[in-house]
Amino acid sequence: MRRYGKHTDEDDVRVRPNRKGNRPRTSIRPKHEDAAEGMVLTVDRGRLTCLVDDRTVMAMKARELGRKAAVVGDRVGLVGDLSGRKDTLARIVRIEERASVLRRTADDDDPYERVVVANADQLAIVTALADPEPRPRLIDRCLVAAYDGGLEPLLVLTKSDLAPASTLLDLYGALDIPYVVTSRDELYAGEAANVVREHLGGRITAFVGHSGVGKTTLVNALVPEEKRRTTGHVNAVTGRGRHTTTSALALPLAGAGGWVIDTPGVRSFGLHHVDPSRVIHAFPDLEPGTENCPRACSHDEPDCALDAWVGEGHADPARLYSLRRLLATRERREGD
């Protein structure tokens with residue numbers, strides 16, 4: 001057996017031949033500085049439709065990204081065939097840092113969070129005033145997710161011809177949330193879209209809502225050239241609509257310079273991922289009052305300093321009530 005000394009010459013070192021004839025693996029990954037910038041429009045079974053310049057390109061995620069997944073709204077870097085021609089496929093090699101994230105879990109006990117939309121500026125929470133009945137707890141949960149993810153909320157109340165909007169608006173008055181109220185006639189005639197459009201210009205807005213509230217009908221009115229399947233059917237026994245949108249889709253808002261993202265109807269909105277301490281950031285008038293709170297204060301306990309802060313007249317008591325209602329929403333189911 002041959003042994004090598006301390007001063008081994010390179011010619012004396014045996015190199016095992018590569019039988020496959022390919023290059024050996026390396027841990028060095030390409031930087032892809034020449035990758036084109038794009039935006040993810042929709043995701044369907046591992047294939048991502050992206051907008052690159054003025055054309056749509058079909059792509060798949062590069063293996064080097066590992067478990068990191070791209071979602072609708074993500075800004076990505078793409079390489080490969082970017083022509084957009086049929087049967088071509090590009091690769092997503094980079095996912096840019098997200099400015100905002102809308103996330104949810106299946107329920108409050110589920111540790112696995114799902115990113116619904118990335119980089120949206122606004123969350124339009126669509127709810128019917130009747131048929132199906134409004135679910136304030138679900139609205140609260142959407143608000144918490146919006147505040148936690150860095151999105152500004154917008155309430156869109158439909159079917160005002162079936163029930164007045166005043167009761168529901170009174171519940172959220174202290175939060176000072178912008179809102180739009182529409183009727184069924186306005187919704188189906190497209191007039192509601194003109195009112196909602198005033199809040200969407202130049203922004204990326206994700207639409208979320210319970211099935212059967214008219215969310216997709218409204219999106220179709222906003223972007224008529226991209227009709228999505230809708231339903232006006234609501235189960236008479238359960239009061240629930242049937243899901244017609246099965247995947248999120250980003251659509252350009254013509255003439256307004258914005259984007260509309262239609263998302264599948266939700267029946268639950270888990271908040272397992274939300275740290276309650278972050279919700280206070282959505283209440284800038286109350287946040288200074290937390291400086292004297294005990295450590296790890298839930299802001300809904302006897303020693304909370306917010307009671308004294310509000311009692312001294314620094315903020316409206318209704319605002320504190322709204323904060324605590326939102327913080328407590330994790331302890332309640334949407335149907336409660």
Tell me, do [X] and [Y] make a side-chain contact under 4.5 Å, heavy atoms counted?
| X | Y | result |
| --- | --- | --- |
| Leu89 | Met60 | yes |
| Ile95 | Lys68 | yes |
| Leu222 | Leu253 | yes |
| Leu200 | Val260 | yes |
| Ile125 | Leu143 | yes |
| Arg141 | Leu326 | no |
| Tyr112 | His273 | no |
| Thr49 | Asp44 | no |

[atom1]/[X] to [atom2]/[Y] distance, rounded to the nearest 0.5 angstrom?
| X | Y | atom1 | atom2 | answer |
| --- | --- | --- | --- | --- |
| Asn220 | Leu187 | CG | CG | 10.0 Å |
| Ser247 | Asp262 | OG | CG | 9.0 Å |
| Arg184 | Asp131 | CZ | CG | 7.0 Å |
| Cys297 | Ile280 | SG | CD1 | 9.5 Å |
| Ile204 | Ser100 | CD1 | OG | 8.0 Å |
| Arg197 | Leu218 | CZ | CG | 9.5 Å |

Item to complete: Inspect the contact between Asp53 and Arg55 and indicate whether a charged nitrogen and a carboxylate oxygen are less than 4.0 angstrom apart.
Response: yes

Discussion item. So that I can tick it off, tell me whether Asp307 and Arg324 are bridged by a salt bridge, with the cut-off set at under 4.0 angstrom between side-chain N and carboxylate O.
Written reply: yes

Within a 6.0 Å radius of atom [atom1] on [X], are there more than 12 heavy atoms belonging to other residues, nucleotides or ligands?
| X | atom1 | result |
| --- | --- | --- |
| Glu301 | CD | yes |
| Asp176 | CG | no |
| Glu96 | CD | yes |

State yes or no: do [X] and [Y] share one hydrophobic cluster built from I, L, V, M, F, W and Y residues joined by side-chain heavy-atom distances below 4.5 Å, directly or via other members?
| X | Y | result |
| --- | --- | --- |
| Tyr147 | Leu320 | yes |
| Val144 | Leu171 | yes |
| Val76 | Val101 | no |
| Leu169 | Ile177 | yes |

Worksheet item: Any sub-3.5 Å donor-acceptor pair from Thr56's side-chain atoms to Cys50's backbone N or O?
Response: no

Worksheet item: Do side-chain atoms of Ser160 reach the backbone of Thr182 as a donor and acceptor pair under 3.5 angstrom?
Response: yes

Using every non-hydrogen atom in the two residues, find where [X] and [Y] come nearest and quote the distance to one decimal.
| X | Y | answer |
| --- | --- | --- |
| Gln122 | His199 | NE2-O, 3.1 Å |
| Leu82 | Val57 | O-CG2, 3.6 Å |
| Asn119 | Ala99 | OD1-N, 2.7 Å |
| Lys61 | Ala69 | CD-CA, 4.4 Å |
| Thr263 | Val208 | OG1-CA, 3.7 Å |
| Leu306 | Leu286 | CD2-O, 3.3 Å |

Practice prompt. Could you tell me which residues satisfy side-chain hydrogen bond (donor to acceptor under 3.5 Å, both in side chains) with Arg75, sequence neighbours excluded, listed by chain and number?
Written response: none

Discussion item. Going by side-chain hydrogen bond (donor to acceptor under 3.5 Å, both in side chains), name the residues that satisfy it together with Arg103, two or more places apart in sequence or in a different chain.
Written reply: Glu113, Asp148

With no hydrogens and no angle check, do the side chains of [X] and [Y] hold a donor and an acceptor under 3.5 Å apart?
| X | Y | value |
| --- | --- | --- |
| Asp81 | Ser83 | yes |
| Thr290 | Glu287 | no |
| Asp140 | Tyr172 | yes |

Worksheet entry | Listed partners of His314 passing ring pair (Phe, Tyr, Trp, His ring centres under 6.0 Å), at least two apart | Trp309

Worksheet item: Which of these, Val195, Thr205, Val126, sits in a side-chain contact (heavy atoms from CB on, under 4.5 Å) with Val156?
Response: Val126

